[in-house]
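Here the structure is a predicted model, which means the values were calculated and not measured. For ligands, and for the atoms within them, numbers begin at 1 and follow the listed sequence.
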Amino acid sequence: MSLIKEMIRKAQEEKYAFGTFDTSNLEVSQGIARAAEVKNMSAMIGVTESAVAYAGFLPLVNLVNGIITESKADLVLHLDHGKDPKFVKRCIDEGFKSVMIDASMNELEKNIEITKNIVTYAHKKGVIVQAELGKIPRMKSSIEEGTTLKQMEKTDPDEIEEFVEKTGVDTLAVIVGNIHGMYKPEGNPHLDFDLLYNLRKKVAIPFVLHGGSGTPSEDVKRAIKDYGIINVNIDTEIRVAFVGGFSDFCISGQMATDPRKVLAISRDEVQKIVEKKIDLFRCDK
Ligand code: G3H
Ligand code: ZN
């Protein structure tokens with residue numbers, strides 16, 4: 001059994017979640033890997049199309065793969081929110097062990113068609129596929145116009161069985177009140193447990209919770225313990241920790257001529273937040 005399949009199986013059996021922690025550079029990737037080692041916990045390191053646009057495909061993928069190879073922790077390279085099927089296939093060809101095809105911007109039928117196509121391609125190469133049903137909104141800033149929780153399209157219980165059955169997908173990102181980003185003008189989002197209950201009744205597939213940043217800890221634990229969430233995604237809180245470490249150094253008035261002196265502080269901040277999330281997702285406190 002591949003490492004990622006074993007990670008999913010163990011999380012299901014023991015009712016905890018492993019994290020997908022997103023990266024776009026060296027220090028974030030190192031911070032994630034170090035946290036996983038310290039906590040002796042498996043994790044996925046997620047890269048997105050925008051991270052690749054920033055860093056370059058081979059520079060980022062080789063960097064993360066190098067860190068995974070040298071790490072003592074069980075880590076898996078994952079494509080997060082792959083929206084372009086050609087790009088998703090490239091990731092599969094280049095050795096990713098887990099990919100997300102996010103065709104959730106389409107109507108149900110099209111989402112099924114695109115997802116199924118990727119599943120067929122991926123499974124031939126032993127790669128697992130995550131998909132999304134429903135639409136998760138993103139909060140970027142308090143002044144971003146037109147982004148509100150009203151734009152959320154929660155996962156429809158009437159669609160989930162058909163989606164899972166027809167696509168053959170391995171894990172499913174469900175939209176149950178969760179949103180991307182930290183800033184929530186309407187307050188931190190609580191998860192819709194009635195909906196989660198209804199979805200869980202319909203399918204046995206492992207669920208993934210996106211938008212983990214800012215979601216109340218009690219909600220995250222309950223979703224993991226009682227509703228089969230086996231994987232939680234964190235991006236924004238990592239970015240905030242990284243930039244926070246950098247900013248604190250700058251405003252402290254200290255001098256640095258070596259970028260490593262500053263970036264090591266950011267790396268430590270990333271490690272700290274990832275360690276906290278790992279503890280939370282373990283649900284053993
Ligand atoms: O796919 C990425 C995640 O869903 C991250 O969400 O930025 O709210 O932590 P977040
Ligand atoms: Zn996400």
Side-chain angles (χ1 to χ4, degrees), residues 17-25 28-29 31-32 35 43-54 60 64 76-84 87-88 91 96 98-105 111 115 128-142 144 147-149 151-155 169 171-191 206-217 219-220 223-224 229-244 269-270 272-278 280-281:
F18 56 86
T20 293
F21 302 105
D22 283 350
T23 188
S24 58
N25 70 15
V28 169
S29 310
I32 297 165
M44 296 215 287
I45 300 186
V47 302
T48 60
E49 287 167 354
S50 72
V52 165
Y54 170 78
L60 186 59
V64 177
V76 170
L77 173 63
H78 170 73
L79 171 67
D80 192 20
H81 289 288
K83 294 195 168 150
D84 172 2
F87 183 77
V88 179
C91 291
F96 282 59
S98 172
V99 294
M100 176 184 191
I101 172 71
D102 180 358
S104 63
M105 69 296 283
N111 190 354
T115 302
I128 72 145
V129 182
Q130 178 191 138
E132 178 169 319
L133 185 61
K135 292 184 180 66
I136 188 167
R138 167 173 295 281
M139 296 294 164
K140 280 188 182 153
S141 77
S142 57
E144 188 187 28
T147 302
T148 77
L149 292 184
Q151 285 182 311
M152 177 182 297
E153 265 181 42
K154 291 180 180 176
T155 306
V169 77
T171 62
L172 184 65
V174 287
I175 312 306
V176 290
N178 43 323
I179 64 176
H180 282 151
M182 289 272 276
Y183 180 76
K184 335 282 187 197
E186 292 88 344
N188 278 335
H190 278 280
L191 301 182
F207 286 159
V208 181
L209 185 70
H210 278 248
S213 298
T215 308
S217 297
D219 282 20
V220 172
I224 293 169
I229 297 276
I230 52 91
N231 179 208
V232 183
N233 281 26
I234 301 287
D235 187 359
T236 306
E237 283 190 64
I238 289 176
R239 297 180 191 207
V240 169
F242 185 95
V243 175
E269 292 304 314
V270 169
K272 278 185 218 161
I273 187 69
V274 173
E275 284 186 27
K276 268 193 204 162
K277 294 297 174 186
I278 288 174
L280 174 66
F281 302 162

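- The atom name of the N/O/S atom in H210 closest to the Zn ion (ligand 2) is ND1.
- Between the side chains of H81 and Q130, no donor-acceptor pair of N or O atoms lies under 3.5 Å.
- Each of the following atoms of ligand 1 lies closer than 4.0 Å to a heavy atom of D22: 1 (O), 2 (C).
- To the nearest 0.5 angstrom, K135 atom NZ is 10.0 Å from D102 atom CG.
- A salt bridge between K272 and E275 is absent, with no side-chain N of the basic residue lying under 4.0 Å from a carboxylate O of the acidic one.
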May I have the step-by-step check of side chain to side chain donor-acceptor pair (under 3.5 Å) for N231 and T20, ending in yes or no? CA-CA 7 Å; N231 179 208; T20 293; 3.0 Å; yes

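- A donor and an acceptor atom, one from each side chain of N233 and D80, are located under 3.5 Å apart.
- For ligand 1, the atoms closer than 4.0 angstrom to any heavy atom of G181 are 7 (O), 8 (O), 10 (P).
- Nearest to atom 2 (C) of ligand 1 by heavy-atom distance, out of D80, V240, V208, N178, is D80.
- Within the 4.0 Å heavy-atom criterion, the part of I179 lying near ligand 1 is the backbone and not the side chain.
- Which parts of ligand 1 touch T236 is read off a 4.0 Å heavy-atom cut-off, strictly below it: atoms 7 (O), 8 (O), 9 (O), 10 (P).
- Not a single heavy atom of E237 sits under 4.0 Å from any atom of ligand 1.
- Atoms of ligand 1 lying under 4.0 Å from any heavy atom of G211, numbered from 1 in the order shown and given with element: 3 (C), 4 (O), 5 (C), 6 (O), 8 (O), 10 (P).
- The proximity of H81 to ligand 1, defined as any non-hydrogen pair under 4.0 Å, is limited to the side chain.
- A side chain to side chain contact (heavy atoms under 4.5 Å, CB included) with S213 is found for one member of I179, T236, V232, I238 and no other, namely T236.
- Scanning all heavy atoms of the two residues, the minimum distance from N111 to S104 falls at ND2-CA, 3.7 Å.
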